[in-house]
Amino acid sequence: MIKSHQRQKKFNNYMEEHLKQRPQKKVFQKKEIDSLRNQAIEKIKSKLLPDKKILKIILIGSSVKNSFGEYKPPGFRGTLFSDFDFIVFAEDAFEIPSWLEREPDGKPFPDDNMNLAYRNKKFIDDKYDVEVFFIRKSNMPDSKIRELSELAGIPMTPDSKHKHLIVYSND
């Protein structure tokens, strides 16, 4: 696991550098961010719920940090706008819906079978994408996976330092 942990740190450093290459962004007013975030939350819930195999849905990223906005051209990851980043914790038997397409850049884990990142283009107002990352229940208790998740910015522990919003929980 040490080698995969080192590989993960290298990858995270690469991703940090990659993210620094983003063009400048004009951050929207908080009122607009709140409105778009609420639309995204309601739409993701309407698309994924009810489903007993979904344990929890959280929202992370720029819409939670109030830094959601519009990039200067050429944009970032094929869009001129920030996207909505949801993490879905689900039973192992949960089937990822067909309205989502695999996101090749979403790879926070050294084991590619765990990199379940998906995207839907123009999810809100025909211009704001959604990225949904799925974490299977069987991976949730693993302390190494929780550590790698935290390193990648995915809050998996109650004391996570990563700002997030719980959108749904079946607790």
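Side-chain atoms are counted along with the backbone in the values below, which use heavy atoms only and exclude waters and symmetry mates.
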Q: Go through D125 and Q39 one step at a time and tell me if the side-chain contact (heavy atoms from CB on, under 4.5 Å) criterion holds.
A: CA-CA 9 Å; D125 290 348; Q39 288 177 58; 3.4 Å; yes
Q.
Taking V130's backbone N and O only, do any of them form a donor-acceptor pair with D83's side chain (distance below 3.5 Å, no angle check)?
A. no
Q: Return the orientation label for the F134 and Y118 ring planes: parallel under 30°, perpendicular over 60°, tilted otherwise.
A: perpendicular
Q) So do V167 and K45 actually touch side chain to side chain, heavy atoms under 4.5 Å? A) yes
Q. How many angstroms lie between CZ in R136 and CE in M114, if you round to the nearest 0.5 Å?
A. 11.0 Å
**Q.** Least distance between heavy atoms, L116 atom then N113 atom
**A.** CD2-O, 3.8 Å
**Q.** L165 and I41, any side-chain heavy atoms less than 4.5 Å apart
**A.** yes
Q. Is it the case that more than 12 heavy atoms not belonging to K72 sit under 6.0 Å from its NZ atom?
A. no
Q: Specify the closest pair of heavy atoms between I54 and N170, including all atoms of both residues, with the distance to one decimal.
A: O-ND2, 3.4 Å
Q | Side-chain heavy atoms of V27 within contact of F68, under 4.5 Å | A | no
Q: Over all heavy atoms of both residues, which pair between S160 and E150 is shortest? Give the atoms and the distance, please.
A: OG-OE1, 2.9 Å
Q) Are I57 and I166 joined in one hydrophobic group, where the rule is that I, L, V, M, F, W and Y side chains link up if heavy atoms are under 4.5 Å apart? A) no
Q: Sort out for me which residue in K53, K52, K137, K56 forms a salt bridge (charged side-chain N to carboxylate O under 4.0 Å, His left out) with E91.
A: K137
Q | Between CD1 on residue I58 and CD1 on residue I154, distance to nearest 0.5 Å | A | 8.0 Å
**Q.** Closest heavy-atom pair and its distance - P23, G75
**A.** CG-O, 3.1 Å
(Q) Would you compute the distance between atom OG of S149 and atom CD1 of I145 and round it to the nearest 0.5 angstrom? (A) 7.0 Å
(Q) Would you compute the distance between atom CE of M156 and atom CE of M140 and round it to the nearest 0.5 angstrom? (A) 6.0 Å
Q: Identify the heavy atoms of L59 and S63 that sit nearest to each other, and give their distance.
A: CD2-OG, 3.4 Å
(Q) Let's go through L36 and F84 carefully: what are the C-alpha distance in whole Å and the side-chain angles of both, what is the deciding distance for side-chain contact (heavy atoms from CB on, under 4.5 Å) to 0.1 Å, and is it a yes or a no? (A) CA-CA 9 Å; L36 291 168; F84 294 97; 3.8 Å; yes
**Q.** Pair E131 + R119, salt bridge at N-O below 4.0 Å
**A.** yes
Q: Check whether the side chains of D112 and N115 place a donor and an acceptor atom closer than 3.5 Å, and report yes or no.
A: yes
Q: Calculate, to the nearest 0.5 Å, the distance between atoms CD1 and CZ belonging to I124 and F81 respectively.
A: 13.5 Å
Q: Compute whether any side-chain donor of one residue and acceptor of the other, for T79 and D129, lie under 3.5 angstrom apart.
A: no
Q. Parallel, tilted or perpendicular: which fits the ring planes of Y128 and F28, with parallel below 30° and perpendicular above 60°?
A. perpendicular
(Q) With rounding to the nearest 0.5 angstrom, report the CG to CD1 distance, N66 to I33. (A) 5.0 Å
Q. Salt-bridged, D34 to K31, with N to O below 4.0 Å?
A. no
Q.
Less than 4.5 Å apart, side chain to side chain, heavy atoms only: is that true for I44 and L49?
A. no
Q) When you measure from the side chain of D142 to the backbone N and O of K144, does any donor-acceptor pair fall under 3.5 Å? A) yes
(Q) How close do S67 and K25 get, counting heavy atoms only, and between which atoms? (A) O-NZ, 2.8 Å
Q. Honestly, is K43 close enough over F123, meaning NZ or CZ under 6.0 Å from the six-membered ring centre and within 45° of the axis?
A. yes
